[in-house]
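Here is the structure we will look at, set down as structure tokens.
Nothing fancy with the numbering, it's 1 onward along the sequence.
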Amino acid sequence: MKILKKAFGKNAEFCLCLCEVGDAQGLALAEGICFPGDPWSEGMFRSAFENPSCRIYAVSDMQMSKIFAYAVYYVCGDEADLANIATLPELRRQGIGGALLDETLEISRSGGVFRAFLEVRESNESARALYSSRGFIEIGKRRRYYRNPTEDAILMAKFFEN
């Protein structure tokens with residue numbers, strides 16, 4: 001991991017990092033805890049790192065020994081797709097996920113992104129509320145997008161101002 005920002009989060013006890021392929025195992029471990037029904041595997045994270053348009057950010061402890069939250073983006077031209085974002089269950093509702101979302105959206109915007117897209121489970125009302133509070137709007141639905149359990153996805157978009 002490469003530290004992008006120290007003293008990250010409400011209590012300044014975390015750091016924001018740009019992940020590297022060597023972080024795939026830690027990301028997969030966190031993913032399995034966050035999404036036990038249908039997690040990305042270590043191999044899926046490794047494959048993501050092979051894609052030059054992929055950026056994976058993590059919130060870790062100051063020693064960079066544990067990943068507490070992460071976000072996976074694919075950037076193509078002036079668009080970003082937030083493919084995956086999660087916070088460990090014991091740290092949810094403490095502002096970490098929102099801070100990670102804010103920072104990574106700003107990194108994307110400052111890098112020339114004008115539009116960001118994501119999919120979210122229709123039943124995930126807390127995530128939908130978080131995204132709405134950050135300026136995302138619902139623009140569509142993808143039927144039967146998720147599995148374990150099968151569920152529709154709400155497609156959301158954020159359009160950045162100049």
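- Taking the side chain as every heavy atom from C-beta outward, I56 and N84 never approach each other to under 4.5 Å.
- Checked for salt-bridge contact, R144 and D152 miss the test: no charged N lies under 4.0 Å from a carboxylate O.
- The shortest non-hydrogen separation linking A80 to V75 is CB-CG2, 4.2 Å.
- The hydrophobic cluster containing F68 does not contain M62, counting ILVMFWY residues as joined when their side-chain heavy atoms lie under 4.5 angstrom apart, directly or transitively.
- For the pair S133 (side chain) and L130 (backbone), a donor-acceptor distance under 3.5 Å is present.
- Between the side chains of E31 and Y70, at least one donor-acceptor pair of N or O atoms lies under 3.5 Å.
- Using a distance-only test at 3.5 Å, with no hydrogens or angles considered, a donor-acceptor pair links the side chain of D23 to the main chain of E20.
- S60 OG to L16 CG: the interatomic distance, rounded to the nearest 0.5 Å, is 8.5 Å.
- The two residues R134 and A99 have their closest heavy-atom pair at NH2-N, 4.4 Å.
- Atom SG in C15 sits 12.0 Å away from atom NZ in K5 (nearest 0.5 Å).
- The neighbour count for E90 CD, taken as heavy atoms of other residues, nucleotides or ligands under 6.0 Å away, is above 12.
- In this structure, I154 CD1 and R121 CZ are separated by 12.0 Å, a value rounded to the nearest 0.5 Å.
- Listed for the E151 side chain is a donor-acceptor partner under 3.5 Å among the backbone atoms of E122.
- Taking every heavy atom of both residues into account, A69 and I96 meet most closely at CB-CG2, 3.9 Å.
- Atom CG of L155 is separated from atom CD of E119 by 5.5 Å, given to the nearest 0.5 angstrom.
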Could you give me the CA-CA distance, side-chain angles and deciding distance for E125 and R128, then say whether salt bridge (charged side-chain N to carboxylate O under 4.0 Å, His left out) is met? CA-CA 5 Å; E125 293 186 18; R128 289 171 64 185; 5.8 Å; no
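- Linking Ile, Leu, Val, Met, Phe, Trp and Tyr residues whenever their side-chain heavy atoms come within less than 4.5 Å places L18 and V113 in a single cluster.
- The minimum heavy-atom distance linking G97 with T87 is given by the pair CA-OG1, 3.5 Å.
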Stepwise side-chain contact (heavy atoms from CB on, under 4.5 Å) check, E79 with F114: CA-CA 6 Å; E79 293 185 355; F114 291 103; over 6 Å; no
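- Looking at T150, its side chain never comes within 3.5 Å of a backbone N or O of R147 through a donor-acceptor pair.
- Ring planes of W40 and F45: tilted class, angle from 30 to 60°.
- Rounding to the nearest 0.5 Å places CE of M156 at 8.5 Å from OH of Y131.
- The local environment of CD in E138 is crowded, with over 12 non-hydrogen atoms from other residues, nucleotides or ligands closer than 6.0 Å.
- F49 is connected to Y74 through a chain of hydrophobic side-chain contacts under 4.5 Å among Ile, Leu, Val, Met, Phe, Trp and Tyr, so both are in one cluster.
- In terms of hydrophobic clustering, with Ile, Leu, Val, Met, Phe, Trp and Tyr side chains grouped at heavy-atom distances under 4.5 Å, L29 and F35 are assigned to different clusters.
- No side-chain heavy atom of I85 sits less than 4.5 Å from a side-chain heavy atom of V72.
- No hydrogens or angles considered: a donor-acceptor pair under 3.5 Å links the side chains of Y73 and T104.
- The main-chain N or O of F160 is never found under 3.5 Å from a side-chain atom of R115 such that the two would form a donor-acceptor pair.
- The two residues L105 and A116 make their nearest non-hydrogen contact at CD2-CB, 4.1 Å.
- Taking 4.0 Å as the cut-off between side-chain N and carboxylate O, E42 and R46 count as a salt-bridged pair.
- Here C17 contributes atom SG and Y57 contributes atom OH; the two are 12.0 Å apart, rounded to the nearest 0.5 Å.
- Proximity of L91 to P89: side-chain heavy atoms (C-beta onward) are nowhere separated by under 4.5 Å.
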Are K66 and L88 close enough, and set up right, to give a side-chain contact (heavy atoms from CB on, under 4.5 Å), and what steps lead you there? CA-CA 11 Å; K66 184 174 181 182; L88 292 181; 3.8 Å; yes
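- Y146 and I33 fall into different hydrophobic clusters, where Ile, Leu, Val, Met, Phe, Trp and Tyr side chains are chained together by heavy-atom contacts under 4.5 Å.
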Determine whether V120 and L118 satisfy the following criterion, side-chain contact (heavy atoms from CB on, under 4.5 Å), listing intermediate values before the conclusion. CA-CA 7 Å; V120 60; L118 61 82; 4.2 Å; yes
